[in-house]
Amino acid sequence: MAASSKKFQKKKSNEGKPKFNKASKKQFKTKKDGAFKSEAVALQLEDDVPDFPRGGGSSLSKHERDEIRAEVDAEFEAEELASKKNKRKKSQKKIQAMPDDLGSLFGDGITGKLPRYANKITLKNISPGMKLWGVVAEVNEKDLVISLPGGLRGLVRAGDALDPVVSNKVENNEGDFLKNIFYPGQLVSCIVLQLDDDKKETGKRKIWLSLRLSLLHKGFTLDAVQEGMVLTGYVISIEDHGYMLHFGLSSFTGFLRKDGHAENKDVEVRTGQFLQGVIKSIDKTRKVVNLSSDPETVSKCVTKDLKGISIDLLIPGMLINASVRSTLENGIMLSFLTYFTGTVDMCHLQNKFPNKNWKDDYNQNKKVNARILFIDPSTRAVGLTLNPHLVHNKAPPSHVNIGDIFDQSKVVRVDRGFGLLLEIPSKPVSTPAYVNVSDVAEEEVRKLEKKFKEGSQVRVRILGFRHLEGLATGILKASAFEGPVFTHSDVKPGMVVKAKVIALDSFGAIVQFPGGVKALCPTRHMSEFEIAKPGKKFKVGAELVFRVLGCKSKRITVTYKKTLVKSKLGIISSYAEATEGLVTHGWITKIEKHGFFVRFYNGVQGFAPRSELGLGPGDDPNSMFHVGQVVKCRVTGSSPASRHINLSLQIRPVRISEDDMVKLGSIVSGVVEGLTSSAVVINVNSKAHLKGMISNEHLADHHERAALLKSILKPGYKFDQLLVLDIEGNNIVLSAKFSLISSAEQLPSDISQIQPNTVVHGYVCNLIETGCFVRFLGRLTGFSPRSKAMDDHKADLSGAFYIGQSVRCNTVDVNSETARITLSLKQSCCSSTDATFIQEYFILEEKIARLQSLGSDGSELKWIEGFNIGSVIEAKIGEAKDIGVVVSFDKYNDVLGFITHSQLGGLSLETGSVVQAAVLDVDKAERLVDLSLKPEFVEKSQEGSSKSQTHKKKRKREASKALELHQTVNAVVEIVKEHYLVIAIPEYNHAIGYASIADYNTQKLPQKQFVNGQRVIATVMALPSPETSGRLLLLLNSIGEVTETSSSKRAKKKSSYNVGSLVPAEVTEIMPLELRLKFGIGFCGRVHITEVNDNNVLEKPFGNFKVGQTITARIVGKPNQKGHLWDLSIKPAMLADTGEIGVKTTLEEFDFSTGQLVTGYVYKVDSEWAWLTISRHVKARLFILDSGCEPNELQQFQERFKVGKPVSGHILNVNKDKKLIRIVRHPLGALSTTNVGDEDKRKGESDNNISDDSVIAHIHEGDILGGRISKILPGIGGLVVQIGPNNYGRVHFTELKDAWESDPLSGYHEGQFVKCKVLEVSHSTKGTIHIDLSLRLSLDGMISKNPLKLASDA
């Protein structure tokens, strides 16, 4: 410890630190003839600070110092004699005060009274900033455990183990770099960072340490290091001839030659590793110290007595020459390095087994070698060690293990009131052990010296080991030799033990076994059921029975769940123990739709599939089970190599005969028992009384129809035909998809049943980014890669398919060895060859209509009989709509009819008039009838009902009857429905048929557009019958062709349009930035928002258009590769053109100049930029600070610039390659034209210097700008304000406010929008530009405008 002045002592004593008990402040008594001299010396010791700011130096000669010390010793002896007279009277008080004295640190040195006890580090007096010597006890993935003096343990986080400059260069292999650098038993110097209260145990504190050399070597300079000094450094790089070392300081580095590295040659030196070396030479020019790391030299190198050495330069582990100053009650005091004193406690003496006469070995002024154990800068206390192992720079070895029992241990010393020192007969050498008085016997022992005699033998069990002292801790209690658990190694998974609750927390309870081992009982395991708070039984001090769940490393977890604790079944603590048929208990950790995970002991877990849970079809596992629930399960299979265990909750599986069990792929019937959110539960009609489940997606091939059917299904409804899709135990997975039922015989259930180049039905079971999984019967699954899933490779799979979708797939490849099936879902090779897709649509329509009429007498469906397809019915004209006329029927009040404009037959009708109309289509579910007034339909029906028919009419009917299956016909589109077309076949007496627009694989894709009157080619697939609901079903020949949205080749081949052509088009959709149109036969186009008006000045360009409206447009661009849409224009100037625009329009000239005023429409806006479209090909961007100057305007940037809003601005710069321009809202004024084609460049070196003229060419003195505070400079530095994307200006401290304020910066914060005025724009010699700004409101233009005016400007 260093000498300190009285001022220092007084200051420290006032800081409220009770842990630092000072020695007596009473002045030493001196002889009268030496009073003046002694006082002068005291002043010198106190005031001679400048030369020795921290080390407590002196300028006295050696003779003067010896004389002072002699006086101190004489005074000390006199006080000792005086104190002996009152020793007996005060003995009781001293014993009571002893623990406090032992826990104090002192630093008075030669200026105060000598202490009674040696310095000792405890949890009470340890504090941040202390430097300690320690031994690495454990190396973990994220931290190190360090054994410290006094048996304390500290933790070092991985980030505090190395300085950042070194840790960045260390190879971090999965975060395990600590094990490459540190090893157990390694001696390290560390510094205390902080102390935290241990959350698990009250009264305990966590000691957080740092090994960073930048903290330990703080205060070191190149001048302070000397040859012969030992330094520790990191290996920062490995060179050919040696190692570069880093000492945590930037002032100098080190180099260690490989031939000078004489440590273990088998140990590989790694970057970041700690190496100790002796300084051999110092190169002050290059600031490099050269070292040698010979272990023998390092261990014997003594720190020299340097002039002016301070306490900052003392490092734990330093070897010093010291002399005995005095013996203390529990150690000795040494003086070293002239100015320092330190103490050695009894655990660190030279003799490992000090007896009661140990003081005889340490006579005053005896010379010894010692190493520094700890330094406390706050009290200037220093601890030393004389331990022979530590003095030789090696950690003491350990020859005992925790839990070992030694029957013949010798009592070496009895410390009254404290404990016993024992000599353990370990091999190869004896080990010292200390037994605390509380561990000596079960009952309290008041007089140890009477019960235990030196030299007697006792039976002891090892409790722990202090790695730094080489001292074991033991226990003599009889209970320590009983019980199953004493150490962590005694704990086994599944064992039932009694433990005491010692702490409670939100994460669980900490319990302690009788032997002292601690474990955690997590909150979920504190009760059989999940509870918010622990039960009444869990109170601190309560003794309960637990079962050990796991014991990995030293982390033990236990459970209090009664079912687990009392279970007599075998346990699973490893995957090898999971034998088939084993019945055991486990607990649920995670529940999913297809089953749940069950955890066993030691982290082993298995999976119980849904089919083995004993659930009914449609039952949700989450509603039947809960996480944490204990379940009894049977192992049905295991694979220790892959760590998989299959489980079943059916302890004795129910066996059903093969005759009673339904077969995969068979057709069954069933009745609805119930409905869940995701499925329909079915009672299957079979001998085994099985239950099945239809998922929502499997109710129909049409997604919308399936959802509608589910919404009206009720228990009791019977499904006549259902396909057995999969069998899960006693539960059956069913499908009501018409496509799968009708092709049940062709559906494969095994890979051997699949032939290449065949088309089969299936359904999508999963979608991933790279492809689509298609399932057939059972678990047979194929994969369609992205390239084979769609004709358009760039399209998004999730937008083209949905899980559960019915598909037709072409088998591309079958690999039996890998069990992989490669499929193609391209419509071009998988299109339908029958009408089952449209047939199911009408079958479902009838089912839905019947379900809707359930509960009535059946009369609700009788109206259908009066509306046969093709029949003529009397209708009354009602309200006229945009797309047709609504009619009503006298006989059927709740049925509506509709006649589209194209079916009026050229007649003009009056409201209320009665007409004869032909039935073209009937929507039974919506009770809607589509009619036609065309003569070819009305007269055909009337002629068919007439008794007198001509020969010509007979020939027509015969022709109608002559339609045959698979016959190809020419047809005309009469009505375009959402999912199908109503078509007429003129050649066959205008027979009415129905054809689907979409197909199985194209349900979600954009469909081909049809118009009324369009001619199509179709094939007859089903004649009118009850199975087709009395309809003639056809298949469009174009269904197998790739639509225009997927192939531009077909569109190009059929197109007779060119750029410049005028076309009539119909509006199909109005979008924020474009108008969608259809024209010609199946062609789609768009009108960009900039192609409506000549000057882009309309607020709502599409406001006067509506869907269905016919307009004239000019083609200005051919279909692109993405959307395959034609580009059209309806600009008045474009429509008035002669049409000879040709290539000139498609290759639009990029003709813009700086300062030009342009107008565009917002198409995107984010927090910083608004993006505009000036034309179809030219974009513009507007920075937030260029959009206005008022703070409230800038604050509402995104609200002001909505998508579709027209915005005008002046061009600031142009990027021809990207066809992108940047605009600002205010005029540019006298703008320099240099570099106007360049983009903005980055800002310069300082926050308000810009290195490119062009980026601020639009900024002039006197301009009013919008800005955003970028940085608030300290002191009177003012503000840095951003005025452009990379442009900054400076607001001086005096330009913040008009009136004087004490703290003008108080109203500003970073990110705040401000209105500022440009005071000056100046150029520096370096080419940078400096902009001075002002925020003073008194300047011209700084007063805000009227809010209404602001809104109109925006």
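Closest heavy-atom contact between Phe719 and Ala736: CE2-CB, 4.3 Å. Considering all non-hydrogen atoms of both residues, Asp921 and Ile869 come closest at CA-CD1, 4.1 Å. Counting all heavy atoms, side chain and backbone alike, Thr1028 lies closest to Ala1022 at CG2-CB, 3.7 Å. Of all heavy-atom pairs spanning Thr1112 and Ile1130, the tightest one is O-CG2, 3.6 Å. A pairwise comparison of heavy atoms in Ser743 and Ser739 identifies OG-O, 2.7 Å as the closest pair. Between Asn696 and Ala679, the shortest heavy-atom distance links the atoms OD1-N, 3.4 Å.
For the pair Leu1032 and Ile992, the minimum side-chain heavy-atom distance is 4.5 Å or more. Contact of the Leu747 side chain with the Leu723 side chain is registered, since non-hydrogen atoms from C-beta on lie closer than 4.5 Å. The shortest distance between side-chain heavy atoms of His698 and Leu740 falls below 4.5 Å. Counting only heavy atoms from C-beta outward, the side chains of Arg705 and Leu844 approach each other to under 4.5 Å. Side-chain contact check for Ile848 versus Leu708: some heavy-atom pair is nearer than 4.5 Å. Between Ile682 and Ile694, the closest side-chain pair of non-hydrogen atoms falls below 4.5 Å. At least one side-chain heavy atom of Val919 sits less than 4.5 Å from a side-chain heavy atom of Ile873. Looking only at side-chain heavy atoms (C-beta outward), Val973 and Arg1015 stay at 4.5 Å or farther from each other.
Checked by atom type, the side-chain pair Glu974/Gln903 shows a donor-acceptor distance below 3.5 Å. With hydrogens and angles left out, the side-chain atoms of His703 and Gln1003 include no donor and acceptor closer than 3.5 Å. Counted by atom type alone, Ser806 and Asp701 present one or more donor-acceptor pairs between their side chains at under 3.5 Å. Ser669 and Asp720 are not linked by any side-chain donor-acceptor pair at a separation below 3.5 angstrom, with hydrogens and angles left out of the test. No side-chain N or O of Asp620 forms a donor-acceptor pair with one of Thr676 less than 3.5 Å apart.
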Inset, instruction - Before giving the answer on side chain to side chain contact (heavy atoms under 4.5 Å, CB included), spell out for Ile883 and Phe898 the whole-Å C-alpha distance, their side-chain angles and the decisive distance to 0.1 Å. - result: CA-CA 10 Å; Ile883 55 174; Phe898 192 78; 3.9 Å; yes
Inset, instruction - Would you check, one step at a time, whether the test side chain to side chain donor-acceptor pair (under 3.5 Å) holds for Asn683 with Glu673? - result: CA-CA 6 Å; Asn683 275 326; Glu673 183 188 80; 3.2 Å; yes
Inset, instruction - Assess whether side chain to side chain contact (heavy atoms under 4.5 Å, CB included) is satisfied between Tyr717 and Val671, documenting all intermediate values. - result: CA-CA 6 Å; Tyr717 178 80; Val671 178; over 6 Å; no
Inset, instruction - Begin with the C-alpha distance, continue with both residues' side-chain angles, and end with the deciding distance and a verdict on side chain to side chain contact (heavy atoms under 4.5 Å, CB included) for Tyr988 and Val969. - result: CA-CA 9 Å; Tyr988 291 86; Val969 295; 4.0 Å; yes
Inset, instruction - Apply side chain to side chain donor-acceptor pair (under 3.5 Å) to the pair Asn810 and Ser824, showing each step before the final yes or no. - result: CA-CA 5 Å; Asn810 184 22; Ser824 172; 5.4 Å; no
Inset, instruction - Check the pair Tyr1000, Gln827 against side chain to side chain donor-acceptor pair (under 3.5 Å), reporting the backbone distance first and the verdict last. - result: CA-CA 9 Å; Tyr1000 291 105; Gln827 179 66 10; over 6 Å; no
Inset, instruction - Decide side chain to side chain contact (heavy atoms under 4.5 Å, CB included) for Arg1086 and Leu1077; before the verdict, give the C-alpha distance in whole Å, the side-chain angles of both, and the deciding distance to 0.1 Å. - result: CA-CA 6 Å; Arg1086 63 181 176 186; Leu1077 309 170; over 6 Å; no
Legend entry - Trace of the side chain to side chain donor-acceptor pair (under 3.5 Å) decision for Asp791 with Ser828: CA-CA 7 Å; Asp791 290 285; Ser828 56; 2.9 Å; yes
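Environment of CZ in Arg850: sparse, with no more than 12 heavy atoms of neighbouring residues, nucleotides or ligands closer than 6.0 Å. In the displayed structure, Glu926 atom CD is contacted under 6.0 Å by at most 12 heavy atoms of other residues, nucleotides or ligands. For Lys1004, the NZ atom sits in a packed shell: over 12 heavy atoms of surrounding residues, nucleotides or ligands are nearer than 6.0 Å. For NZ of Lys977, the number of neighbouring non-hydrogen atoms (other residues, nucleotides, ligands) closer than 6.0 Å is greater than 12. For Ile1070, the CD1 atom counts as densely surrounded, since its 6.0 Å shell holds more than 12 non-hydrogen atoms of other residues, nucleotides or ligands.
If you take CG on Leu1034 and CG on Leu981, they are separated by 10.5 Å, rounding to the nearest 0.5 Å. For the atom pair CZ (Arg927) and CZ (Phe867), the distance works out to 9.5 Å, reported to the nearest 0.5 Å. One finds the CG atom of Leu851 at 4.5 Å from the CD1 atom of Ile712 (value rounded to the nearest 0.5 Å). Remark: Ile975 CD1 to Ser932 OG distance equals 7.5 Å, nearest 0.5 Å. With rounding to the nearest 0.5 angstrom, the CG atom of Asp930 is 11.0 Å from the CG atom of Leu896. The CG atom of Asn766 lies 8.5 Å from the SG atom of Cys772; values are rounded to the nearest 0.5 Å.
Of the residues Val733, Leu777, Leu734, the one that meets the side-chain contact (heavy atoms from CB on, under 4.5 Å) test with Asp726 is Val733.
The main-chain N or O of Asn1001 is never found under 3.5 Å from a side-chain atom of Asp999 such that the two would form a donor-acceptor pair. Distance alone, capped at 3.5 Å, is enough to place a donor-acceptor pair between the Arg808 side chain and the Cys830 backbone. Remark: side-chain polar atoms of Ser832 are not paired, donor with acceptor, to backbone N or O of Asp834 under 3.5 angstrom. A side-chain donor-acceptor contact under 3.5 Å links Thr1068 to the backbone of Arg1076. Without hydrogens or angle criteria, Glu987 side chain to Ala971 main chain gives no donor-acceptor distance under 3.5 Å. A side-chain donor-acceptor contact under 3.5 Å links Ser784 to the backbone of Leu823. With hydrogens and angles ignored, the 3.5 Å screen pairs a side-chain donor or acceptor of Gln805 with a backbone N or O of Tyr802.
Ring centers of Tyr994 and Tyr841: at least 6.0 Å apart, outside the cut-off. Aromatic ring centres of Tyr763 and Phe776: separated by at least 6.0 Å. Between Phe738 and Phe837, a ring centre-to-centre spacing not shorter than 6.0 Å is recorded.
Salt-bridge check for Arg1031 with Glu845: passed, with a basic side-chain N closer than 4.0 Å to an acidic carboxylate O. Ionic pairing of Asp890 and Lys876 is not present here: no N-O contact between side-chain nitrogen and carboxylate oxygen is shorter than 4.0 angstrom. Salt bridge annotation for Glu879-Lys881: present, with a cationic side-chain nitrogen under 4.0 angstrom from a carboxylate oxygen.
Ring-plane geometry between Tyr892 and Phe889 is classed as perpendicular, the angle between the planes exceeding 60 degrees on a 0 to 90 degree scale with a lower cut at 30.
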